[in-house]
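A short worksheet on the structure shown next.
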Amino acid sequence: MKKQIKRLFCFVVALISIFMLSCTKNTGEAVIEYKVNGKTQGTLDAGFMYFWISFQKNIYSAVADSYEEGWEYITDTGSGENLYDLLLTESTESAKKLLAIEYIHDKELKLKLSDENKDLIQKQIDTYVESFGSQKALDSALSRYGASVKTLTRYFEIMLKQNVLAEIYCGENGTFRPDENEAKKFFA
């Protein structure tokens, strides 16, 4: 009986969360914050989170499809957590990491996206606009995922910042690049 009540509670919380995301998407209201020393350094709004969760769900749908129960497959019998609950948890955690990436890029390292990178983002957006026929049509398509062209632009910016940090820290001349012997030892 306790397990059923817990599941019902989790289901109601999930419904309320989805309802809140639906009602607040694209309002600019922060639903995820990244704080340093108690001060908010970056936020993601409901539209971005709705897009991010949809994006993650699309990536992991093959995993859910591999189980007869799909997204309802129980991943933790103790808590009753299912794949969808896990998806929401992992999407939230990965979104926080996106904000940390943005903070390190922008505030710690004081980097800016190059004009070339900004042009790449704009060209990608222009390609999408062209394939959908207009920006209004693209916004309409993205709205099904709680997103807009602005959301998509922010996503591309964060992904480029992630690539820049990966190169700085792990690239050929990166700060944390293991030497060749360490790499061989690891892969052995």
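Both backbone and side-chain heavy atoms feed into the values below; hydrogens, waters and symmetry mates do not. Throughout, numbering of the chain's residues begins at 1 and tracks the sequence. Just so you know, these numbers come straight off a predicted model, no measurement behind them.
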Rounding to 0.5 Å, atoms OG1 (T40) and CD (E33) come to a distance of 3.5 Å

- Task: Apply the test side chain to side chain contact (heavy atoms under 4.5 Å, CB included) to residues D45 and V31: give CA-CA distance (whole Å), side-chain angles for both, the deciding distance (0.1 Å), then the verdict.
- Result: CA-CA 5 Å; D45 66 11; V31 294; 5.8 Å; no

Indicate yes or no for a side-chain donor-acceptor contact from N82 to the backbone of Y84 under 3.5 Å, with no hydrogens or angles considered.
yes

Contacts satisfying ring-ring contact (aromatic ring centres under 6.0 Å, His included) that involve residues 93-134 (not counting sequence neighbours) are Y34-Y103

Original post:
Would a 4.5 Å heavy-atom cut-off, applied to side chains only, mark W71 and L87 as touching?
Top reply: yes

Can I get a per-line list of side-chain donor-acceptor pairs under 3.5 Å for residues 54-69, giving both atom names and the distance, sequence neighbours left out?
residue: S54; atom: OG; partner: Y50; partner atom: O; Å: 2.9
residue: S61; atom: OG; partner: N58; partner atom: O; Å: 3.1
residue: S66; atom: OG; partner: V63; partner atom: O; Å: 2.5

message = Between I125 and L152, is there a side-chain heavy-atom distance shorter than 4.5 Å?
response = yes

Determine whether more than 12 heavy atoms belonging to other residues, nucleotides or ligands lie under 6.0 Å from atom CD of Q124. yes

- Query: If you measure from the Lys or Arg side-chain nitrogens to the Asp or Glu carboxylate oxygens, is any gap between R154 and E157 under 4.0 Å?
  - Reply: no

Report task. Let me see the working for L88 and I53 under side chain to side chain contact (heavy atoms under 4.5 Å, CB included), right down to the final yes or no. Result -> CA-CA 7 Å; L88 292 177; I53 292 167; 3.9 Å; yes

Residues passing the side-chain hydrogen bond (donor to acceptor under 3.5 Å, both in side chains) test with S140, sequence neighbours excluded, are none

task: Without swapping roles, check the side chain of S114 against the backbone of N117 for a donor-acceptor pair under 3.5 Å.
output: yes

Taking the side chain as every heavy atom from C-beta outward, state whether L109 and L165 have any atom pair closer than 4.5 Å.
yes

Closest heavy-atom pair, A95 versus W52, reported as atoms and distance to 0.1 Å, is N-NE1, 3.7 Å

Margin query: Apply side chain to side chain contact (heavy atoms under 4.5 Å, CB included) to residues Y169 and I104 and explain how you reach the verdict.
Written below: CA-CA 12 Å; Y169 290 115; I104 292 167; 4.0 Å; yes

Path from L113 to L120 over hydrophobic side-chain contacts below 4.5 Å | no

Rounded to the nearest 0.5 angstrom, the CD1-CE distance for I121 and M159 is 10.5 Å

Hits for side-chain hydrogen bond (donor to acceptor under 3.5 Å, both in side chains) against T89, two or more places apart or cross-chain, chain-then-number order -> none

Applied to residues 106-116, the salt bridge (charged side-chain N to carboxylate O under 4.0 Å, His left out) test, sequence neighbours excluded, yields D106-K161

### Query
Checking T151 side chain against S148 main chain: does a donor-acceptor pair fall under 3.5 Å?
yes

Flag, side chain of T75 to backbone of E81, donor-acceptor distance under 3.5 Å: yes

Report task. Find out whether I32 and F48 are in side-chain contact, i.e. whether some heavy atom of one side chain is under 4.5 Å from a heavy atom of the other. Result -> no

> Taking the side chain as C-beta and beyond, is there a heavy-atom pair between L160 and Y155 under 4.5 Å?
Replying inline: no

When rounded to the nearest 0.5 Å, the distance separating NZ of K118 from OG1 of T153 is 12.5 Å

When rounded to the nearest 0.5 Å, the distance separating CE of M49 from CG of L44 is 6.5 Å

Quick check against the 3.5 Å criterion: does D139 have a side-chain atom that pairs as donor or acceptor with the backbone of V149? yes

Those residues at least two apart in sequence (or on a different chain) that pass side-chain hydrogen bond (donor to acceptor under 3.5 Å, both in side chains) with Q122 are D126

